Amino acid sequence: TLVSPDQARVSSEVAGKVIDVLVEIGQEVRAGQELVRLDSTELNLALERAESSLRQLEAQLGLDPSRPDQPLPDDDTIAAVRTAAANRDDARAQLVRSQELVSKGLLSKADMDTTQTRVKVTEANYQAALENVHALKATLQDRRASYDLAKKKLSIVRNMEFLLQQ
């Protein structure tokens with residue numbers, strides 16, 4: 001048998017299940033020739049998961065998915081933070097009213113304690129909402145990168161398949 005002195009290593013940017021081998025062992029190939037086809041089912045599912053995860057996060061931040069370059073919203077414009085701020089402000093106002101009633105002897109100490117506790121709880125909830133928004137914003141870049149990578153991998157399999165590279 002004859003063995004060619006010319007050999008090439010073949011690798012891919014994408015792992016996957018080979019569904020079709022388009023060349024035979026020992027067959028001469030040229031640069032850019034399609035060698036195998038991969039099953040894109042898993043990559044399609046990965047792209048759908050990445051997109052779903054990204055869209056959920058964008059919705060939580062009130063972002064329009066059709067405008068990926070839009071600036072991130074201010075913390076106080078996000079619904080969860082606005083709700084927590086409204087609850088905190090209501091609790092503070094109730095505390096002021098309760099203090100007036102206590103000074104007039106019209107409110108029990110137990111009711112006053114409850115009102116003070118509510119202020120503390122709503123302030124903690126507001127802080128937690130802010131921290132959650134900061135975490136969501138930090139996660140957004142990761143979700144966008146995961147989505148872009150899933151798109152790239154699927155594109156490689158759909159459009160280029162495995163091509164011999166020199």
Side-chain angles (χ1 to χ4, degrees), residues 9-19 31-32 34-102 107 110-166:
R9 290 194 178 269
V10 178
S11 63
S12 170
E13 290 182 57
V14 179
K17 179 180 173 187
V18 174
I19 58 171
E34 188 176 359
L35 303 178
V36 297
R37 289 196 180 116
L38 294 179
D39 182 2
S40 61
T41 304
E42 289 296 322
L43 296 172
N44 277 321
L45 293 173
L47 178 61
E48 289 173 11
R49 280 191 305 271
E51 183 174 22
S52 174
S53 181
L54 175 61
R55 298 302 172 238
Q56 276 183 337
L57 189 59
E58 288 172 336
Q60 287 177 303
L61 290 171
L63 295 173
D64 180 356
S66 67
R67 298 179 43 218
D69 294 332
Q70 68 185 306
L72 293 177
D74 292 334
D75 294 349
D76 61 351
T77 64
I78 295 172
V81 174
R82 287 194 330 259
T83 300
N87 288 335
R88 179 205 58 199
D89 294 346
D90 179 58
R92 287 177 178 173
Q94 183 62 40
L95 178 62
V96 169
R97 289 189 295 273
S98 293
Q99 288 168 335
E100 290 173 10
L101 292 174
V102 164
L107 188 68
D111 288 340
M112 182 62 179
D113 290 345
T114 301
T115 304
Q116 289 172 328
T117 300
R118 182 171 175 252
V119 169
K120 290 175 186 176
V121 168
T122 58
E123 286 176 347
N125 288 341
Y126 175 75
Q127 189 60 40
L130 285 175
E131 290 169 4
N132 185 47
V133 165
H134 295 161
L136 291 173
K137 287 180 177 182
T139 304
L140 181 63
Q141 282 307 105
D142 178 60
R143 298 277 170 88
R144 284 179 174 165
S146 294
Y147 175 69
D148 289 342
L149 181 60
K151 253 188 350 188
K152 177 184 175 187
K153 286 181 176 183
L154 186 59
S155 174
I156 288 169
V157 170
R158 282 185 178 162
N159 300 324
M160 298 190 324
E161 307 296 343
F162 278 4
L163 303 178
L164 179 63
Q165 301 294 318
Q166 287 191 345

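All values below were derived from every heavy atom in this structure, side-chain atoms included, with hydrogens, water molecules and symmetry-related copies excluded. As the structure is a prediction and not an experimental result, all values here were calculated from the model.
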Can you check whether [X] reaches [Y] side chain to side chain, under 4.5 Å on heavy atoms?
X   : Y    : value
V96 : E100 : yes
D75 : K137 : yes
L72 : L63  : yes

Please answer whether the main-chain N or O of [Y] pairs with a side-chain N or O of [X] as donor and acceptor at a distance below 3.5 Å.
X    : Y    : result
S53  : R49  : no
S155 : K151 : no
R118 : Q94  : no
D74  : D76  : no
Q70  : D64  : yes
R82  : T77  : yes

Report task. Apply the test side-chain contact (heavy atoms from CB on, under 4.5 Å) to residues V18 and L38: give CA-CA distance (whole Å), side-chain angles for both, the deciding distance (0.1 Å), then the verdict. Result -> CA-CA 4 Å; V18 174; L38 294 179; 3.7 Å; yes
When rounded to the nearest 0.5 angstrom, what is the spacing between [atom1] in [X] and [atom2] in [Y]?
X    : Y    : atom1 : atom2 : answer
L57  : L136 : CG    : CG    : 5.5 Å
N132 : Q127 : CG    : CD    : 11.5 Å
S40  : K153 : OG    : NZ    : 14.0 Å
S146 : L47  : OG    : CG    : 11.0 Å
T114 : L95  : OG1   : CG    : 11.5 Å
R97  : L107 : CZ    : CG    : 11.5 Å

Report summary line: For A80 and A129, the nearest pair of non-hydrogen atoms, with its separation, is O-CB, 3.9 Å
Query - Shortest non-hydrogen contact between A84 and Y126, atoms and distance - result: CB-CA, 3.6 Å
Report task. Quick one: do E51 and L54 satisfy side-chain contact (heavy atoms from CB on, under 4.5 Å)? Show the steps, please. Result -> CA-CA 5 Å; E51 183 174 22; L54 175 61; 5.6 Å; no
Report summary line: Paired with I78, the side chain to side chain contact (heavy atoms under 4.5 Å, CB included) test is passed by just one of L130, L61, T83, namely L61
**Report entry** CA sep, side-chain torsions, deciding dist, call: E48, L45, side-chain contact (heavy atoms from CB on, under 4.5 Å)
**Finding:** CA-CA 5 Å; E48 289 173 11; L45 293 173; 4.0 Å; yes
Report task. Would you check, one step at a time, whether the test side-chain contact (heavy atoms from CB on, under 4.5 Å) holds for L140 with R144? Result -> CA-CA 6 Å; L140 181 63; R144 284 179 174 165; 3.6 Å; yes
Query raised in the report: Is the closest basic N to carboxylate O distance between E58 and R55 below 4.0 Å?
Result: yes
